[in-house]
Amino acid sequence: MEFVTPEELLGGSEIIFDVAIPTDVLGANAKRELVVQLRPLTIGTFGLIMKAGKSDPALIPLLMIKESLVHPSLSLEQVKSMNLGLVNFLIAQIRQISGLTEKKMSSS
């Protein structure tokens, strides 16, 4: 057994993921699958997003996308103009890479 270093514990938050967006999510004009780069949300960033979303919960998914999207980098106003299907797709991907998915409990 080997103990983990602080760098190894924190290293996962710096990983950049290439995520292909299916053409049906991009809309009727999409002719090919495109790729964005996402990084996982840290607990610090997620806490700030939740605090900012207290007065307007609709901001939470938009801020999650803005903070996670590495390439292309978009302003909050640009994120607000995304179609709902793209927002849902990106949020699912961000939740997955950030470890925010629910684990199924096995019954014994």
Side-chain angles (χ1 to χ4, degrees):
M1 181 167 70
E2 186 176 343
F3 288 103
V4 67
T5 66
E7 292 79 18
E8 290 170 323
L9 273 179
L10 301 173
S13 64
E14 297 173 5
I15 298 172
I16 304 295
F17 294 87
D18 292 341
V19 176
I21 302 174
T23 54
D24 61 325
V25 173
L26 289 171
N29 294 332
K31 295 185 176 23
R32 59 187 163 88
E33 189 176 81
L34 299 175
V35 175
V36 295
Q37 290 184 319
L38 300 173
R39 70 173 154 241
L41 296 175
T42 64
I43 187 66
T45 302
F46 189 68
L48 289 173
I49 290 169
M50 297 307 284
K51 188 175 181 179
K54 268 189 171 179
S55 61
D56 185 0
L59 280 176
I60 293 172
L62 303 176
L63 290 171
M64 288 174 67
I65 292 170
K66 182 182 179 326
E67 291 302 316
S68 181
L69 194 58
V70 174
H71 185 81
S73 178
L74 298 178
S75 70
L76 184 57
E77 292 305 313
Q78 289 174 309
V79 174
K80 285 180 178 177
S81 68
M82 288 181 171
N83 74 53
L84 190 54
L86 179 56
V87 169
N88 284 333
F89 175 80
L90 290 174
I91 289 298
Q93 301 303 309
I94 292 166
R95 290 179 58 83
Q96 178 72 34
I97 66 172
S98 298
L100 295 172
T101 56
E102 290 184 33
K103 303 272 186 219
K104 292 187 177 180
M105 302 291 286
S106 62
S107 60
S108 51

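Note that the structure is predicted; figures quoted are calculated from it, not measured.
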* Structure fact -> In short, P40 meets S98 closest at the heavy-atom pair CA-OG, 3.4 Å

* State, with a plain yes or no, whether a side-chain heavy atom of K80 is found less than 4.5 Å away from one of L59. => yes

* How far apart are the closest heavy atoms of A52 and S55, and which atoms are they? -> O-OG, 3.9 Å

* Asked: At their closest point, which heavy atom of L74 faces which heavy atom of K66, and how far apart are they?
  -> O-CG, 3.7 Å

* Structure fact -> CG of L26 to CZ of F89, rounded to nearest 0.5 Å, is 8.5 Å

* State, with a plain yes or no, whether a side-chain heavy atom of L90 is found less than 4.5 Å away from one of V36. => yes

* Just jot down the side chain to side chain contact (heavy atoms under 4.5 Å, CB included) partners of S75, sequence neighbours excluded, or say none. => E77, Q78

* To do: Report whether L48 and I60 are members of the same hydrophobic cluster (ILVMFWY, side-chain heavy atoms less than 4.5 Å apart, transitive linking).
  => no

* Between CG of L63 and OG of S68, what distance do you get to the nearest 0.5 Å? -> 12.0 Å

* Asked: I49 and E67: which non-hydrogen atoms are nearest, and at how many Å?
  -> CD1-CG, 4.0 Å

* Would you say the side-chain atoms of T45 pair up with the backbone N or O of L41, donor to acceptor, closer than 3.5 Å? -> no

* Option passing side chain to side chain contact (heavy atoms under 4.5 Å, CB included) with L38 (candidates I16, V19, I15, D18) -> V19

* Structure fact -> Output for pair (M50 CE, I43 CD1), nearest 0.5 Å, gives 10.0 Å

* Asked: If you look at every heavy atom in V87 and P61, which pair is closest and at what distance?
  -> CG1-CB, 4.5 Å

* Asked: At what distance, to the nearest 0.5 angstrom, does CD1 of I91 lie from CD1 of I94?
  -> 4.5 Å

* Joint hydrophobic cluster, V79 plus V70, side-chain heavy atoms closer than 4.5 Å -> no

